[in-house]
Amino acid sequence: NAGVMQNPRHLVRRRGQEARLRCSPMKGHSHVYWYRQLPEEGLKFMVYLQKENIIDESGMPKERFSAEFPKEGPSILRIQQVVRGDSAAYFCASSPLSEGVNTEAFFGQGTRLTVV
Amino acid sequence: TQLLEQSPQFLSIQEGENLTVYCNSSSVFSSLQWYRQEPGEGPVLLVTVVTGGEVKKLKRLTFQFGDARKDSSLHITAAQPGDTGLYLCAGSPLAGNNRKLIWGLGTSLAVNP
């Protein structure tokens with residue numbers, strides 16, 4: 001999983017501030033996924049993106065959260081007006097373009113967001 | 001809602017022992033993956049199983065996919081302290097977006113020297 005780069009590793013924000021989490025997929029991977037992990041809830045799917053397209057954002061809260069994967073540059077998960085409940089580990093994963101059922105995703109090391 | 005239940009939730013054993021952990025669902029999956037996650041790190045893919053009844057071996061780890069593709073098991077032979085970690089299973093649903101993995105909560109394994 002060393003190929004998927006996430007930054008920052010740790011992020012502290014005060015309530016009401018914005019959090020920007022970055023993810024650079026593995027070389028050659030055109031699909032990016034964001035997950036949130038809480039100790040008692042496990043990993044939860046948030047959003048699935050291809051370059052310049054959001055494919056599935058059914059796991060993303062309707063308000064304050066947005067994601068993008070521009071043609072150039074990393075994927076960004078943006079959380080506006082953070083609240084304490086947003087504190088969690090956010091993981092990005094990437095996979096290559098594939099038509100098969102093997103959705104092998106490779107994960108980054110995560111960004112641990114703490115809202116104080 | 002598709003759910004994956006993993007058991008046991010916690011397991012603490014001595015080095016050299018064998019163990020099996022389980023991943024069960026009432027739903028059918030097109031494929032199922034096992035990951036290991038260490039504290040402060042992201043999940044690392046161990047194996048993907050696709051065919052019902054499939055068995056895959058990875059050194060001392062043996063993975064089996066149930067015939068009906070609803071459940072899976074992971075067996076570790078002669079466990080070592082380096083096997084310590086959180087073992088997660090994740091399934092690709094048959095319908096809808098098969099890239100939207102459904103995750104279990106994991107089995108936290110501690111192997112004591």
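Every chain is numbered from 1 and lettered A, B, ... according to where its sequence line falls, protein lines coming before strand lines. Here the structure is a predicted model, which means the values were calculated and not measured.
In this structure, A:Tyr35 has its ring center closer than 6.0 angstrom to the ring center of B:Trp103.
Surrounding CD of A:Gln81 are at most 12 heavy atoms belonging to other residues, nucleotides or ligands under 6.0 Å away. Enclosure of atom CD in B:Gln9 is not indicated, since only 12 or fewer non-hydrogen atoms of other residues, nucleotides or ligands lie within 6.0 angstrom. Applying the 6.0 Å contact sphere to CD of A:Gln17 captures more than 12 heavy atoms from other residues, nucleotides or ligands. Within a 6.0 Å sphere centred on NZ of A:Lys51, other residues, nucleotides and ligands contribute more than 12 heavy atoms.
Summarising the geometry of B:Glu41 relative to A:Arg9, their closest heavy-atom pair is OE2-NH2, 4.0 Å, with the distance given to 0.1 Å. The nearest pair of heavy atoms linking B:Pro43 to A:Leu43 is CG-CD1, 3.8 Å.
Side-chain heavy atoms closer than 4.5 Å link hydrophobic residues (I, L, V, M, F, W, Y) into clusters, and following such links, possibly through other members, connects A:Val47 to A:Tyr90. Both A:Ile54 and A:Ile79 belong to a single network of hydrophobic side chains, linked directly or stepwise wherever heavy atoms of I, L, V, M, F, W or Y lie under 4.5 Å apart. Cluster annotation: A:Phe45 and A:Leu113 are assigned to distinct hydrophobic clusters (Ile/Leu/Val/Met/Phe/Trp/Tyr, side-chain heavy-atom contacts under 4.5 Å, transitive).
Annotation: the span from B:Leu86 atom CG to A:Gln37 atom CD amounts to 7.0 Å, rounded to 0.5 Å. For the atom pair OG of A:Ser95 and CG of B:Leu101, the computed distance is 9.0 Å after rounding to the nearest 0.5 Å. Between the CD1 atom in B:Ile102 and the NZ atom in A:Lys44 there is a gap of 8.5 Å [rounded to 0.5 Å]. To the nearest 0.5 angstrom, A:Phe107 atom CZ is 8.5 Å from B:Gln37 atom CD.
Contact annotation for A:Glu41: only backbone heavy atoms (N, CA, C, O) come within less than 4.5 Å of a heavy atom of chain B. Heavy atoms closer than 4.5 Å to chain A are found nowhere in B:Leu32, neither backbone nor side chain.
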